[in-house]
2 protein chains.
Amino acid sequence: MTTLTDVTDGATAKGEQTRELILSTALRLFREQGYGKTTMRAIATEAGVSVGNAYYYYSSKEHLMQAYYDHLQVLHREAVQEILSGDKSFTKRLTGVLRSWLDVSEPYHEFAGTFFKTAAEPKSPLSPFSEESRPAREASIEIFRQVVEGSDLKLPADLRAELPELLWLMQMGIVLFWVHDDSSGLRRTKLLITSTVPLVDRLLRLTRIPGVKGVVNDLVGVIRQLKGV
Amino acid sequence: MTTLTDVTDGATAKGEQTRELILSTALRLFREQGYGKTTMRAIATEAGVSVGNAYYYYSSKEHLMQAYYDHLQVLHREAVQEILSGDKSFTKRLTGVLRSWLDVSEPYHEFAGTFFKTAAEPKSPLSPFSEESRPAREASIEIFRQVVEGSDLKLPADLRAELPELLWLMQMGIVLFWVHDDSSGLRRTKLLITSTVPLVDRLLRLTRIPGVKGVVNDLVGVIRQLKGV
DNA sequence: CCTGCTTCTTGAACATGTTCAAGAAGCAGG
DNA sequence: CCTGCTTCTTGAACATGTTCAAGAAGCAGG
């Protein structure tokens, strides 16, 4: 897959065009009729190529979804720039980033369930924890790093260093909630964000209290240990 | 499915026998070769029935997994009785319950990934949050209620009321970690449990500190609100 | 033991993701 | 413009979950 993305060697301009065509057709059909109801045959027919050809570029139906996920990442990163260069308030920055993820992903809400499904399998390259999705994951964590760094938040250095990753985990939790949320206008997920973010902010500021500090230090220790082992 | 479980009307003794035969054969094959590599044809052949017959009792391959999940729940509940009637220490009770879940599930570790996969899809009846798995979920939460109630933990009443559900969520998190854990002897998951439980205990005891109390109250409020909306 | 109704069982047929051998198209070196 | 190599494309064939019409087996009421 990676070599095919290198435009320099191998891939023809024509080839790249076919690849794009297949992907955009697939994404459109996913959006229109959902992942489950979109067959590989339908994608191929609609794109005017053969099934085998689709498999030449994307080694499975899931990989077409992987591509969608990457697509979303890019959109999110763009959508978030304005917020990150604006306010200094930690809660506003975090809320903004989480909300804009929601906005970007909204058109895909229904079929995101299926994405999550395949993503949850550990061996799957689509898993958010897998080696293959490392780039996307790190790009995501990078956003949260910016959230923290550009903010007015005062924190002990070691907690501050782990925080972006923890916020990314928090987002994973919100995504999980979102996937299951069928309230109108995603009311419940929005409520989750608006009520959780200030709490996180307050919890983080609690770390100044001596009694709390010890526990937080240990927590950071546990995280580091688990990452190391 | 529910009606078929009612032995009173409908189902024959013979029928029940076939049902059991299919399930036990399926579970054995899942364990021996994993979920993905076990075909419905193989299950049917091995059990000495036709494919169609397997579908008469279990409406999909996933439902065979659902049955496995129920099976695990029962085992866990049994395994946990001794611990719950013994020690009063909260950390010991919680550690014991989590560890015994690990023991019970160990033989299924490899194929549990696939279970998680199908379970993560929101519409799936296998989802831990679905209506269909409510009985299993509540049975699980009930275990954590016993963990809390029989323990020496002193907590504000409202937090204490929400705690079993929160501990269940914590277990879901551990399960997610476990599914991705390929360290030898599940070293990492065990480490996660032994290091997280005391932290949880300390965090909970922190709720006596005035500054912390307010945040916790709000947290409980958020949880209640989300459950209600 | 007949009759009619329910429960159970069968295996072929279907749907759909995936593979593969064959060849077409593109292109660089001569 | 040939030759040989790489890239691309095809569609039939395969694997496997699932459905379905047909009928067999069981059983209660007469």
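Below, chain A is the first sequence line, B the second, and so on; all start at residue 1.
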- prompt: Out of C:dG17, D:dT18, D:dT9, which nucleotide sits closest to the side chain of A:Thr18?
  reply: D:dT9
task: Ignoring the backbone of A:Thr39, work out which of C:dT16, D:dT19, D:dT10 is nearest its side chain.
output: C:dT16
query: Roughly how many Å is it from NE2 in B:His63 to P in D:dG17, rounded to a whole number?
result: 16 Å
query: Quick one: which of C:dG17, D:dG17, C:dG11 gets closest to the side chain of B:Ser50?
result: C:dG11
- request: Using a heavy-atom cut-off of under 4.0 Å over every strand shown, decide if A:Val49 touches base, sugar-phosphate, or nothing.
  value: sugar-phosphate
query: Would one find a side-chain N or O of B:Asn53 under 4.0 angstrom from OP1 or OP2 of C:dT10?
result: yes
statement: Winner on side-chain proximity to B:Val51, out of D:dT10, C:dG17, D:dT18, is D:dT18
task: By nearest nucleotide on DNA chain C, pick out whichever of A:Gly52 and B:Ala54 is the more 5' one.
output: B:Ala54
message: Working note: A:Gln81 + A:Gln146, criterion side chain to side chain contact (heavy atoms under 4.5 Å, CB included); need CA distance, chi angles, decisive distance, verdict.
response: CA-CA 10 Å; A:Gln81 287 317 315; A:Gln146 288 177 42; 4.3 Å; yes
task: Could you tell me the separation between the NZ atom of B:Lys61 and the P atom of C:dG17, rounded to a whole number of Å?
output: 16 Å
- request: Report yes if a side-chain nitrogen or oxygen of A:Tyr56 is closer than 4.0 Å to either non-bridging phosphate oxygen (OP1 or OP2) of D:dC8; otherwise report no.
  value: yes
message: Applying the Watson-Crick and G-U wobble criteria at under 3.5 Å, what pairs with C:dG11? Answer none if nothing qualifies.
response: D:dC20
- prompt: Does the side chain of A:Ile43 reach to within under 4.5 Å of the side chain of A:Glu46, using non-hydrogen atoms?
  reply: no
- prompt: Can a side chain N or O of B:Ser59 be found less than 4.0 Å away from OP1 or OP2 on D:dT18?
  reply: no
message: For D:dG30, give the paired nucleotide (Watson-Crick: N1-N3 plus N6-O4 or O6-N4; G-U: N1-O2 and O6-N3; both under 3.5 Å), or none.
response: C:dC1
field: Rounded distance in Å - CD1 (B:Ile22) to P (C:dC8)
entry: 11 Å
message: Test your reading of the model: is there a side-chain donor-acceptor pair from B:Thr38 to the backbone of B:Leu29, 3.5 Å cut-off?
response: yes
field: Phosphate-side-chain proximity, A:Tyr55 and D:dT10, N/O vs OP1/OP2 below 4.0 Å
entry: no
- prompt: Got a donor-acceptor contact below 3.5 angstrom from the B:Thr194 side chain to the B:Leu191 backbone?
  reply: yes
- prompt: Do any side-chain nitrogens or oxygens of B:Tyr57 fall under 4.0 Å of OP1 or OP2 in C:dT9?
  reply: yes
message: Do A:Trp101 and A:Val80 have side chains that approach each other closer than 4.5 Å (heavy atoms only, starting at C-beta)?
response: no
- request: Can you tell me the distance, in whole Å, between the CG atom of B:Leu21 and the P atom of C:dC8?
  value: 14 Å
field: Length of the OH-P vector between B:Tyr58 and C:dT9, whole Å
entry: 12 Å
task: Let me know the distance between CD of A:Gln17 and P of C:dG26, rounded to the nearest Å.
output: 12 Å
query: Who does D:dA25 pair with, Watson-Crick or G-U, both distances under 3.5 Å?
result: C:dT6
field: Separation of C:dT16 C1' from A:Glu62 CD (nearest whole Å)
entry: 14 Å
task: Assert yes or no for the condition that the ring centre distance of A:Tyr68 to A:Tyr108 is strictly below 6.0 Å.
output: yes
- line: Whole-Å distance, A:Ile43 CD1 to C:dT18 C1', equals 13 Å
- request: Nearest-nucleotide wise, let me know which of A:Arg41 and A:Gly48 is further upstream toward the 5' end of DNA chain D.
  value: A:Gly48
